[in-house]
Amino acid sequence: MNNTKIDVNIDIKHLTRVEGHGNIIVNVSNGKIEKCQWQVPESPRFFEAMVRGRHYSEVARITSRICGICSIGHTLASVKATEAALGIIVSEQTSKLRQLLKHAENFDSNVLHVYILAAPDLLGAKSVFPLIQTHTDIIRRALNLKRLAHEWGSAIAGRTTHPTTVVPGGFSKLPDIQALKELKQKLTAAIPDLAATVETILSITDQIPDFNRPTEYISLSNDNNYAIYDGHIQSILSDGYKQRYPVADYLSITNEYVSQWSTAKYCKNKLDSYMVGALARLNNNYAQLKPQAKLAAEKFNLSSLCTNPYMNTIAQVVELVNDVYTSLELLDDIISHGIHHEILVEPEKYGQGIASVEVPRGILFHDYQYTEDGLCSGGNFVIPTNQNHANIQYDFEKLLPELLEQNKTEAEIELALEMLVRAYDPCISCSAHYLKVKFV
Amino acid sequence: MNYIIGMGNVMRSDDGVGSVIIEYIQENDLEDNFCALDFAGNAWGLLPLLNAETEKILIIDCAQMGLIAGNFQFFSLNSIHTQNKLTIENHESSIAQITNLAGKTDYIIPEISIMGIEPESMEFSQQLSTKILSRLTDYAQEAIRFIHTDHNSFSKI
């Protein structure tokens, strides 16, 4: 029987297992879609205003607080932008240690999302807690990997959340070589858990909805590695057409605009929307994945170009493998060269600096201006989740008619929409900066 | 090993008192048979400490408990478990949620206590309120005394 004449009323305020507050509102009357919205009601947080008047040495400490889970990424984007503004070129050692730190954050966040936030949907549970009884080994493995992530970040940056040792010009305190050797042992010891992670998620991939909507995918990219710390902006369309842009052109790529039902801005580039995050990274940079990560991707039949947004969670699993194997190579390199004491690089000039890193949820931009006395006179941040909001909305608008056509019940439609939003792993509270602050 | 851990948001005035106390302990070399760590807002950092080698953990955090601003109270983590919904709805999660999850997956949960400090201000500011700042040394000393003492009861001060 076709139920395209059904009524559907979904009013989710607020969606669970995501960071921040987002609403899903759907009204279908007699089969006619009257409302289908992804709403963001979060308040703006004015970090752009908080950095004004601050000395360059303080700015990253403030902006790391934009996000508790992506605080490493915000710190790195911040110090890189500040260094660009101040003409600071950091050493190769600093760059390698920061890459190692960036992988720690990606690993930490992806473990959290895959196991704690997304897996309950795939295992038919409302949250992670019922899984303790039914899937104890999986939850224990999740916690062990989370523990590893914290030890990893803390070994490099003092602490994982709001790192203390990453400063403009280098590191205020360098990790000792013994700590790096111990970290290498821990990462090596975690490889069986990585393999088990792939097998666990592989066993439940039949729960991932079959939904495709080609869009534009934007991430960092470079020719040397799977870019998460440095590179150009790269766009790839569903026909495989790629285009690179300088990071300094980020405003003409993100094109933020205001949506009437969202306090977070929307973004668009070549199409009405674009996607950022693990799937966008994988679509752009599949060739740069480590061989072990490619093998994992092949098990999921995941390659570039994938247009199913639900597969973002699977791309995160592939990245877990890539993070560990990339970091083992970095550690070998750093350990073989030894850790050398370095003096922080001093500013050469004061002006504007723009930088980008990949945080777990996608490409992140920081942009600052500094006066001659080293004080910040203005800042701008474009956060990954606000780049994804428009794409989520357009996904909704394609997905809902398909679900109705498939005779899905209201409960099934609700779950499908919830899972779609969760697949983006949104950090909603970070994304809200609706008001444009004009400094006078 | 014993641990004193600071938690809170240093961007929200007295909410950051835990982190500031840890900084005070570290800068004044007061770590004596315990380790002082600042977790900021992320309770997941507890995981590496939940093992047989950890005897006691004291978490210092700002807590709205109806006391006079600046006063503090020690209490057991177990005493607040029942007030927490056992759902993880965001990325950061609470201390109770993390320890509950870990305890049910064979992690060893040591004695965990909380030193709650009643705030005067939770406004957006990187400065502690005058009242809290003036008692910083007291807080650090009381926290250190607590971690070195066996105790069966908790007191308001």
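Letters A, B, ... are given to chains in the order of the sequence lines, protein chains preceding strands, and every chain is numbered from 1.
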Is it the backbone or the side chain of B:F39 that comes under 4.5 Å from a heavy atom of chain A, or both, or neither? backbone
Would you say that B:W44 contacts A:V111 through its side chain, given a criterion of any heavy-atom pair below 4.5 Å between the two side chains? no
How far does CG of A:L131 sit from NZ of B:K104, to the nearest 0.5 angstrom? 12.0 Å
Part of B:D38 lying under 4.5 Å from any heavy atom of chain A: both
Let's test your reading of the structure: which of A:L143, A:I62, A:L148, A:I139 forms the most heavy-atom pairs below 4.5 Å with chain B? A:L143
Any heavy-atom pair between the side chains of A:R54 and B:Q126 that's under 4.5 Å? yes
A:E151 and B:P48 have their tightest heavy-atom pair at OE2-CB, 3.7 Å
Taking atom CD of B:Q127 as the centre, report whether more than 12 heavy atoms of other residues, nucleotides or ligands fall under 6.0 Å from it. no
Counting only heavy atoms from other residues, nucleotides and ligands, does the tally under 6.0 Å from CD of B:E123 exceed 12? no
Can you check whether B:T105's main-chain N or O pairs, donor with acceptor, with A:R140's side chain at less than 3.5 Å? yes
Starting at CG of B:L47, measure out to CG of A:N144 and round the result to the nearest 0.5 Å. 8.5 Å
Any B:N100 side-chain heavy atom under 4.5 Å of A:F129 side chain: yes
Take a 6.0 Å sphere around CD of A:Q178 and say whether it holds more than 12 heavy atoms from other residues, nucleotides or ligands. yes
So for A:D137, is it side chain, backbone, both, or neither that comes closer than 4.5 Å to the heavy atoms of chain B? neither
Distance col, row A:H150:NE2 vs B:L49:CG, nearest 0.5 angstrom, shows 10.5 Å
